[in-house]
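Worksheet for the structure shown next.
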Amino acid sequence: MRRYGPAVLLALVGTAILRVSLFSELYLRYVQAGLRPYLVVSGAALVLLAVAVAGVARGAAVHEAEGHEGGDGDGGGDGHEGAGEHAGHSHSDTHSHGPAGPRVAWFLTLPALALLLFPPPALGSYSAEREAAQRAAQGVGTFPDLPSGDPVDLALGEFGSRAVYDSGRSLKGRTVRLTGFVTRDGDGTWYVTRLLVSCCAADATTAKAEVRGVEAPPVDTWVTITGTWHPEGELGSTEAWPPVVDVTSLRRVRQPDNPYEKR
């Protein structure tokens, strides 16, 4: 079985990638939707490579077996004696050097097997809280008009940008609807939060809005809130971040297939 170790490892990794990208939407926990074709191609290539490696290993095993059969029929007593000495030397070498390496190498399959059976969840409150609210003024300016009609559905990233930097105050007097997961501060202040990504989960940053007027659900619960913007601080200042929402209604929702917003 040792000779098939690389093939097994390749097959597990390739199958895990195909599972999250081709047969489910789990890949959205790690990368943007546009990268799906690349994941599918990579997973398929790894599976095909595993088949090729297994084929080479099988061919080598057959060739080795045929070589042993041919060697058993040659030579006389001296040959047998030499073969015996050689076999004894090989046996000793196997016990002194062989098993440790291959047995340890099999542990490399555990991460791939874990990814296949137990894909990790999307980033949540822990990842959001690790990023300090460092918001340098990005330049106050005007934003495009919001769509007519209330409530207006906004991404948390857009809501935050308009609340902190929009000199036209486009949010004033408007009812907004925001979706995200619950995070908390130590003082009991709670937020509806979303992680923004450019490419993949590794470059995630935080968008959030402080919620006032309703009691907080448990941390990491996904909710949709409806309310109005509550201005705080000067535009572009640290006091204006995070923006505040006076909430009139809240409902719990399922985590969306794509839990991240495009940055």
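Keep in mind the model is a prediction, meaning the values are calculated, not measured.
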Cluster question for you: counting only ILVMFWY and a side-chain heavy-atom cut-off of under 4.5 Å, with indirect links fine, are [X] and [Y] together?
X: Y191; Y: Y260; answer: no
X: V244; Y: F159; answer: no
X: V53; Y: L46; answer: yes
X: V51; Y: V8; answer: no

Between [atom1] on residue [X] and [atom2] on residue [Y], distance to nearest 0.5 Å:
X: L10; Y: T15; atom1: CG; atom2: OG1; result: 10.0 Å
X: L22; Y: L39; atom1: CG; atom2: CG; result: 10.5 Å
X: L154; Y: T179; atom1: CG; atom2: OG1; result: 10.5 Å
X: Y165; Y: L235; atom1: OH; atom2: CG; result: 10.0 Å
X: T221; Y: R254; atom1: OG1; atom2: CZ; result: 14.5 Å
X: W222; Y: T193; atom1: CH2; atom2: OG1; result: 9.5 Å

Report task. Look at atom CZ of R212 and say whether more than 12 heavy atoms of other residues, nucleotides or ligands are closer to it than 6.0 Å. Result ->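 For R212, atom CZ is crowded (more than 12 foreign heavy atoms under 6.0 Å).
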- prompt: With no hydrogens and no angle check, is any side-chain donor or acceptor of T224 less than 3.5 Å from a backbone partner on R251?
  reply: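 Looks like no, no N/O pair under 3.5 Å.
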**Prompt:** E210 side chain to T189 main-chain N or O, any donor-acceptor pair under 3.5 Å?
**Reply:**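 Judged by distance alone, no pair lies under 3.5 Å.
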Could you tell me which non-hydrogen atom of [X] sits nearest to which non-hydrogen atom of [Y], and how far apart they are?
X: L196; Y: A207; answer: CD1-CB, 3.1 Å
X: D150; Y: G173; answer: OD2-O, 4.2 Å
X: P217; Y: R184; answer: O-NH2, 4.4 Å
X: A209; Y: L156; answer: CB-CD2, 4.0 Å
X: A7; Y: A50; answer: O-CB, 3.3 Å
X: P147; Y: R174; answer: O-NH2, 2.7 Å

Check whether any side-chain heavy atom of [X] lies under 4.5 Å from a side-chain heavy atom of [Y], and answer yes or no.
X: T206; Y: L195; result: yes
X: R194; Y: L178; result: no
X: L171; Y: L146; result: yes
X: F143; Y: E158; result: no

Original post:
Just one of D185, V214, T183 clears the side-chain contact (heavy atoms from CB on, under 4.5 Å) bar with W190, so which one?
Top reply: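 Of the listed residues D185, V214, T183, the side-chain contact (heavy atoms from CB on, under 4.5 Å) partner of W190 is V214.
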Q | Note: D153-R177 ion pair, threshold 4.0 Å (strictly below) | A |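 The answer is yes: the pair qualifies as a salt bridge.
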